[in-house]
Amino acid sequence: MHAPTPADEVNTPRTQAGPSPQHLLTTLLGEYLDSSDADLPSAAVVAMLAEFGISESSARAALSRLTKRGLIAVRGTGRPPVYHLTPQAIARHRSRMDHFLSFGARPPRWTGDWVTVSFSLPQSGQAARHTLRKTLGALGFARLYDSVWIRPGSEAGTMNKVLHDILDGVDGARWSVMHTRFDDEAGPHGPAAAYDLAGLAASYEEFIARYAELRAAVRDGEVDATRALVARTSVMDSWRKFPDTDPDLPGHLLPARWPRQEARELLLEVHTALGSLAEARLIEIATPHWPDAASWITHFRVSADSVSVSTRGDG
């Protein structure tokens, strides 16, 4: 059963729509660098983001913000600055790439268990209610009823601590964390009603339609290295929201025609086919500013067991 990726020491930007320089740089670093030993000149980062139409000032602002978040760090005191990925960020990237590329590879192991959070707050606790709802959503819970939230699986994690942290200061607040099962799980009033499955299906369909022409061009060999980098990054950037928003419900709770598998097959076909071309283009862009670029730039692919692996060192 899919569960949200736990928080860790690296405070990465939240997924958002549009080519935010900070978000785009996070995607590029996650896809094409896999070593904290690599010295990454700021000029190389500016050149990489320029490929996507990002200005130099915006690129440098993204570098500054990611440094403050702990995703990258400055090496030494030289000028212009040289950056490197932190070991925590490398571990985070590997985990996230595995999360993105393996999601949907196999049906969830289903036991019928759900984690349920129920709470009651007085009228004076509206601010805490808003914070709690936002937090529960970020942790993969969905609202079944106004103050009853559910998440598939049996792992409650640190929910009691989360609730204490948010609600301890609210007089009259009460809450419970429970492990539940539904008598009529697949019925019209069952747990699937907590999710906007129609909206999620529409998002998958939009993804398929958006990249249908790209897949056709890939199959016809019409995508060169210049186009490959932007296209491959775009398709991954669009896909990465699904593993974090799709609750990965078992098949008997899903609509009859669920488009996730078709969307995943499109992603993997494009992502795999364009990997080497995109890597070559990134090396070409970065090398004038970073002579060692070819020694460090790599790309991730999906292995036979659906786990993402770096191609660095393949030879």
Side-chain angles (χ1 to χ4, degrees), residues 12-34 38-69 71-72 80-85 89 92-93 96-97 100-101 206-207 209-215 217-218 222-242 244 266-290 292-294 296-301 308 310-311:
T12 54
R14 290 183 291 274
T15 302
Q16 63 187 60
S20 153
Q22 185 183 176
H23 185 57
L24 177 57
L25 181 55
T26 303
T27 300
L28 286 172
L29 295 177
E31 280 268 24
Y32 299 104
L33 283 180
D34 191 41
D39 289 335
L40 181 61
S42 58
V45 174
V46 170
M48 291 175 187
L49 291 179
E51 186 80 350
F52 297 83
I54 305 300
S55 69
E56 179 176 351
S57 60
S58 295
R60 294 192 183 279
L63 274 170
S64 176
R65 293 187 183 112
L66 294 189
T67 302
K68 291 177 181 177
R69 290 178 179 270
L71 180 66
I72 57 178
V82 173
Y83 296 86
H84 70 97
L85 291 169
R92 168 75 173 183
H93 282 323
R96 294 295 282 171
M97 289 306 299
F100 295 143
L101 294 177
E206 289 169 6
F207 177 88
R210 178 179 178 183
Y211 293 108
E213 289 187 10
L214 173 61
R215 176 169 53 182
V218 167
E222 297 174 353
V223 181
D224 60 14
T226 302
R227 184 183 176 194
L229 176 60
V230 174
R232 187 174 188 263
T233 304
S234 175
V235 74
M236 172 55 78
D237 212 37
S238 297
W239 169 262
R240 59 188 292 171
K241 68 181 179 183
F242 293 119
D244 290 337
L266 187 156
L267 164 80
L268 294 184
E269 182 176 351
V270 171
H271 192 267
T272 300
L274 299 185
S276 295
L277 286 170
E279 177 183 330
R281 177 57 178 168
L282 198 61
I283 291 172
E284 181 183 6
I285 294 166
T287 297
H289 313 279
W290 183 19
D292 293 335
W296 298 109
I297 292 176
T298 182
H299 68 276
F300 279 86
R301 59 179 173 79
S308 62
S310 168
T311 60

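For clarity, every value in this text was computed on a predicted model and none was experimentally measured. When a residue number appears, it is its place in the shown sequence, counting from 1.
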Asker: Search all heavy atoms of Ala38 against all heavy atoms of His84 and return the closest pair with its distance.
Answerer: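 The answer is O-CB, 3.4 Å.
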Asker: Is the number of heavy atoms from other residues, nucleotides or ligands under 6.0 Å of Arg215 CZ greater than 12?
Answerer: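 Yes, enclosed.
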Asker: Start with the C-alpha distance between Ser64 and Arg60, add both sets of side-chain angles, then the distance that settles side chain to side chain contact (heavy atoms under 4.5 Å, CB included), and finish with yes or no.
Answerer: CA-CA 6 Å; Ser64 176; Arg60 294 192 183 279; over 6 Å; no
Asker: Give the minimum heavy-atom separation between His93 and Gly30, together with the two atoms involved.
Answerer: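 The answer is ND1-CA, 3.4 Å.
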Asker: State, to 0.1 Å, how close Ala231 and Leu274 come at their nearest heavy-atom pair, and which atoms those are.
Answerer: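 Scanning both residues completely, I find the closest heavy atoms to be CB-CD1, 4.2 Å.
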Asker: Assess whether atom CD of Glu213 is packed by more than 12 heavy atoms of other residues, nucleotides or ligands within 6.0 Å.
Answerer: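 No - once you tally the heavy atoms of other residues, nucleotides and ligands closer than 6.0 Å, there are 12 at most.
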Asker: If every non-hydrogen atom of Ser238 is compared with every non-hydrogen atom of Arg210, which pair is closest and at what distance?
Answerer: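 Ser238 and Arg210 have their closest heavy atoms at OG-NH1, 3.0 Å.
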Asker: Side-chain polar contacts of residues 282-289 - donor-acceptor pairs under 3.5 angstrom, sequence neighbours left out - could you list them?
Answerer:
unit_1	atom_1	unit_2	atom_2	d
Glu284	OE1	Arg281	NH1	3.1
Thr287	OG1	Ile283	O	2.6

Asker: If we ignore angles and hydrogens, is there a donor and acceptor under 3.5 Å between the side chains of His271 and Arg232?
Answerer: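 Checked: His271/Arg232 side chains pair up, N/O donor to acceptor below 3.5 Å.
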Asker: Can Trp239 and Leu266 be said to form a side chain to side chain contact (heavy atoms under 4.5 Å, CB included), step by step?
Answerer: CA-CA 10 Å; Trp239 169 262; Leu266 187 156; over 6 Å; no
Asker: Taking all heavy atoms of Ile54 and all of Ala59, pick out the closest pair and write down the distance.
Answerer: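 Closest approach of Ile54 to Ala59, heavy atoms only: CG2-N, 3.9 Å.
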Asker: Within the 4.5 Å heavy-atom criterion, are Tyr32 and Thr233 side-chain neighbours or not?
Answerer: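 In short, these two side chains touch, coming nearer than 4.5 Å.
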Asker: Of the options Leu40, Leu28, Ile72, Thr298, which is the one that meets Leu33 in a side chain to side chain contact (heavy atoms under 4.5 Å, CB included)?
Answerer: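 Between Leu33 and the candidates, side chain to side chain contact (heavy atoms under 4.5 Å, CB included) is satisfied uniquely by Leu40.
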Asker: Run the numbers on Arg96 and Asp244 for side chain to side chain contact (heavy atoms under 4.5 Å, CB included), then give the verdict.
Answerer: CA-CA 10 Å; Arg96 294 295 282 171; Asp244 290 337; 2.7 Å; yes
Asker: When you measure from the side chain of Trp290 to the backbone of Asp39, do you find a donor-acceptor pair of N or O atoms at a distance under 3.5 Å?
Answerer: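 Confirmed, Trp290 side chain pairs with Asp39 backbone.
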Asker: If you apply the rule side chain to side chain contact (heavy atoms under 4.5 Å, CB included), what do you find for Met236 with Leu101, and how did you get there?
Answerer: CA-CA 9 Å; Met236 172 55 78; Leu101 294 177; 3.3 Å; yes
